[in-house]
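Letters A, B, ... mirror the listed sequences (proteins, then strands); counts begin at 1.
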Number of protein chains: 2
Amino acid sequence: MPARPAPANDTDAASRMLQAAAGLYAEKGIGKVSLRELTARAGVNLAAVSYHFGSKDGLAEAVFETLSRRVNGKRIADLDAYLAGLGTRRPALDEVLSLFVAPYLETGNEQQGVLLARFIVQHRLEPSALTRKVIRKHFDPMAKRFIAALALACPHLEVRDISWRYLFTVSAVVLTLTDTTKNNRIARLSGGKADTSRTDELRVALLDFLRGGIWGDAPSANGSRRRR
Amino acid sequence: MPARPAPANDTDAASRMLQAAAGLYAEKGIGKVSLRELTARAGVNLAAVSYHFGSKDGLAEAVFETLSRRVNGKRIADLDAYLAGLGTRRPALDEVLSLFVAPYLETGNEQQGVLLARFIVQHRLEPSALTRKVIRKHFDPMAKRFIAALALACPHLEVRDISWRYLFTVSAVVLTLTDTTKNNRIARLSGGKADTSRTDELRVALLDFLRGGIWGDAPSANGSRRRR
DNA sequence: TTCAAAGTCAAACGCGTGTTTGAAACACCT
DNA sequence: AGGTGTTTCAAACACGCGTTTGACTTTGAA
């Protein structure tokens with residue numbers, strides 16, 4: 001059990017491993033990174049993982065704990081600030097959605113968005129003790145805050161509807177972000193007219209879709225669902 | 001190289017393996033099934049996989065080839081029938097969406113929906129030669145048909161918008177379906193008010209969301225996006 | 001300078017995996 | 001009944017993985 005010095009700089013072995021892990025997770029997927037590959041990239045001995053983090057899972061937990069705490073802490077803080085600035089006025093759906101989507105689309109920090117998305121998708125596909133722990137601790141509270149904010153922004157909807165639509169929103173965002181490689185599916189299907197790797201375009205398209213989906217005012221088959 | 005007899009019944013070793021594979025893929029995830037576990041459930045010797053399917057990947061390919069061909073063939077056929085019955089009238093967005101979503105939500109065949117969803121999500125998270133092949137062969141053509149149909153149903157939208165929204169739609173559907181276990185996330189977040197395991201409820205909520213998202217007529221932040 | 005703690009390193013261990021082997025059992029036609 | 005091609009089976013193989021070991025090097029305070 002090592003005594004971790006509090007201020008670790010970037011040339012630290014542990015920091016290099018964390019960086020290498022984050023990079024490889026984002027590039028290849030969380031489950032497809034071997035310790036030999038990881039330590040090679042970090043320029044560190046194989047045994048260093050066990051020494052500094054206890055195990056492979058310990059390293060992964062450190063990566064996602066850090067990431068989740070930072071990202072969701074900022075999301076909650078930004079949401080609070082926005083709501084506080086409103087006074088008694090109703091929050092705008094667009095603004096709430098923008099705040100939610102922000103960490104996935106932050107320009108200049110694409111790796112963070114992809115990593116975050118991969119983590120969520122991984123948890124949905126093959127939940128593990130690790131992902132469950134991080135989700136419950138860092139994502140569930142944030143989700144509840146945003147569901148509450150969405151309810152304020154959409155007074156015509158019940159909490160049940162909001163919950164469903166929040167879930168669909170998350171799904172659309174994270175799965176889209178896991179396909180940002182060249183020749184991604186949308187580029188292929190649209191003949192290049194749309195492309196996940198053009199982030200600005202993606203943001204606009206995504207917000208258009210989510211706004212409509214959450215607000216929920218479109219003509220239905222029997223025309224009975226008009227409410228506003 | 002075995003000579004596969006054309007009519008294979010359910011007590012066939014190969015059929016039993018296919019069934020066991022499909023079941024285990026749906027239950028545990030595609031990447032988490034070992035051949036020893038699979039052959040044990042199928043009541044078959046370990047070497048039978050190599051003998052009948054060449055390799056582990058060969059078995060997986062057989063599973064998803066069959067599933068994808070059947071499901072997407074039916075989707076295309078149903079869409080064609082619907083469009084043909086319309087004559088020159090404009091297709092209804094709700095109907096097109098229902099046809100698209102159908103194989104994921106077919107009652108009495110839940111395993112199919114989950115398996116399908118898992119396959120798509122797996123491909124997005126960690127694409128492999130296998131998933132790429134099946135996607136290009138069986139899903140891309142179907143997707144293009146539905147995008148075209150959606151364009152007919154939504155004449156106010158450009159193909160680019162439709163492509164984006166189709167992608168978001170797929171994302172919302174498949175990722176939602178990978179979390180249908182007890183104590184799923186939406187049940188936890190909504191305090192039980194919504195629950196992925198109640199299929200009828202899920203269908204309604206999903207179609208409400210998708211209709212609104214695709215049609216895209218909701219008040220935006222600056223109020224400028226009103227078009228119909 | 002000394003010495004114990006912290007960190008690094010090459011090597012090996014144990015385990016589960018997909019795959020292969022070669023013999024045995026079976027099926028089916030002549 | 002004989003014989004050929006198909007299918008099953010237990011056993012072993014080769015490999016990559018996460019982890020552990022024990023010796024070596026570095027660090028930093030007394």
Side-chain angles (χ1 to χ4, degrees), chain A residues 1-25 27-64 122 126 128-131 133, chain B residues 1-25 27-64 122 126 128-131 133:
Chain A
M1 202 63 60
R4 303 281 309 286
N9 60 35
D10 290 346
T11 63
D12 207 41
S15 304
R16 287 210 309 280
M17 281 189 273
L18 288 171
Q19 275 185 249
L24 285 171
Y25 291 163
E27 288 168 23
K28 311 187 42 175
I30 300 168
K32 291 186 109 175
V33 178
S34 78
L35 288 188
R36 283 168 176 81
E37 178 182 18
L38 191 151
T39 51
R41 172 183 288 211
V44 159
N45 187 271
L46 176 61
V49 175
S50 296
Y51 181 76
H52 286 279
F53 298 98
S55 67
K56 184 190 195 182
D57 253 46
L59 170 56
E61 185 170 337
V63 170
F64 291 113
Q122 179 76 45
E126 295 169 355
S128 65
L130 193 165
T131 62
K133 183 177 166 186
Chain B
M1 202 64 59
R4 303 282 309 286
N9 59 36
D10 289 346
T11 64
D12 209 40
S15 303
R16 287 209 309 279
M17 280 188 274
L18 289 171
Q19 275 185 247
L24 285 171
Y25 291 162
E27 289 169 24
K28 312 186 42 174
I30 300 168
K32 292 186 110 175
V33 177
S34 78
L35 287 188
R36 284 168 175 81
E37 178 182 19
L38 192 152
T39 51
R41 173 183 287 211
V44 158
N45 187 271
L46 175 61
V49 175
S50 296
Y51 181 75
H52 285 280
F53 298 98
S55 68
K56 184 189 194 183
D57 252 46
L59 170 57
E61 184 170 338
V63 169
F64 291 113
Q122 180 75 47
E126 294 169 356
S128 64
L130 192 166
T131 63
K133 184 176 165 187

What pairs of residues pass the salt bridge (Lys or Arg N to Asp or Glu O under 4.0 Å) test when at least one of them lies in residues 42-55 of chain B, not counting sequence neighbours?
-> none

Mind checking salt bridge (charged side-chain N to carboxylate O under 4.0 Å, His left out) for A:E61 and listing every partner two or more places apart, or none if nothing turns up?
-> A:K133

Does the side chain of B:N45 get closer than 4.0 angstrom to OP1 or OP2 of D:dT7 through an N or O atom?
-> no

Phosphate OP1/OP2 of D:dT6 contacted by B:H52 side-chain N/O (<4.0 Å) = no

Non-neighbouring partners of B:D57 that pass side-chain contact (heavy atoms from CB on, under 4.5 Å), sequence neighbours left out | B:S55, B:L130

Quick one: list whatever passes side-chain contact (heavy atoms from CB on, under 4.5 Å) with B:A42, sequence neighbours left out.
-> B:R16, B:M17, B:A20, B:V44

Tell me, please, which residues at least two apart from B:F64 pass ring pair (Phe, Tyr, Trp, His ring centres under 6.0 Å).
-> B:Y25, B:F119

Nearest-0.5 Å distance that lies between atom NE2 in B:H52 and atom CG in B:L59 | 11.0 Å

Looking only at C:dT8, C:dT20, D:dT8, the nucleotide nearest the B:Y51 side chain is D:dT8

Between C:dT17, C:dT20, D:dT19, which nucleotide has the shortest distance from any of its atoms to the side chain of B:S50?
-> C:dT20

Could you state the atom-to-atom distance from [atom1] of [X] to [atom2] of [N] in whole Å?
{"X": "A:K56", "N": "D:dC17", "atom1": "NZ", "atom2": "C1'", "answer": "8 Å"}
{"X": "A:M17", "N": "C:dT8", "atom1": "CE", "atom2": "P", "answer": "7 Å"}
{"X": "B:F53", "N": "D:dT8", "atom1": "CZ", "atom2": "P", "answer": "11 Å"}

Would you mind building the protein contact string for nucleotides 22-27 of chain C? One character per nucleotide, 5' to 3', B for base within reach (heavy atoms under 4.0 Å), S for sugar-phosphate only, - for untouched.
-> ------

Which residues, if any, of residues 28-40 of chain B bring a heavy atom under 4.0 Å of DNA chain C?
-> B:V33, B:S34, B:L35, B:R36

With axes from five pairs an end, tell me the bend angle of the helix from C:dT1-D:dA30 to C:dT30-D:dA1, nearest 10°.
-> 10°

When A:L46 and B:L46 are each assigned the nearest nucleotide of DNA chain C, the 5'-most assignment goes to A:L46

Within the side chain of B:T131, is there an N or O that forms a donor-acceptor pair under 3.5 Å with the backbone of B:S128?
-> yes

Show me the side-chain donor-acceptor pairs of residues 29-40 of chain A shorter than 3.5 Å, one per line, residues at least two apart or across chains.
from: A:S34; atom 1: OG; to: A:E37; atom 2: N; distance (Å): 3.2
from: A:E37; atom 1: OE1; to: A:K28; atom 2: NZ; distance (Å): 3.2
from: A:E37; atom 1: OE2; to: A:K28; atom 2: NZ; distance (Å): 3.1
from: A:T39; atom 1: OG1; to: A:L35; atom 2: O; distance (Å): 2.7
from: A:T39; atom 1: OG1; to: A:R36; atom 2: O; distance (Å): 3.2

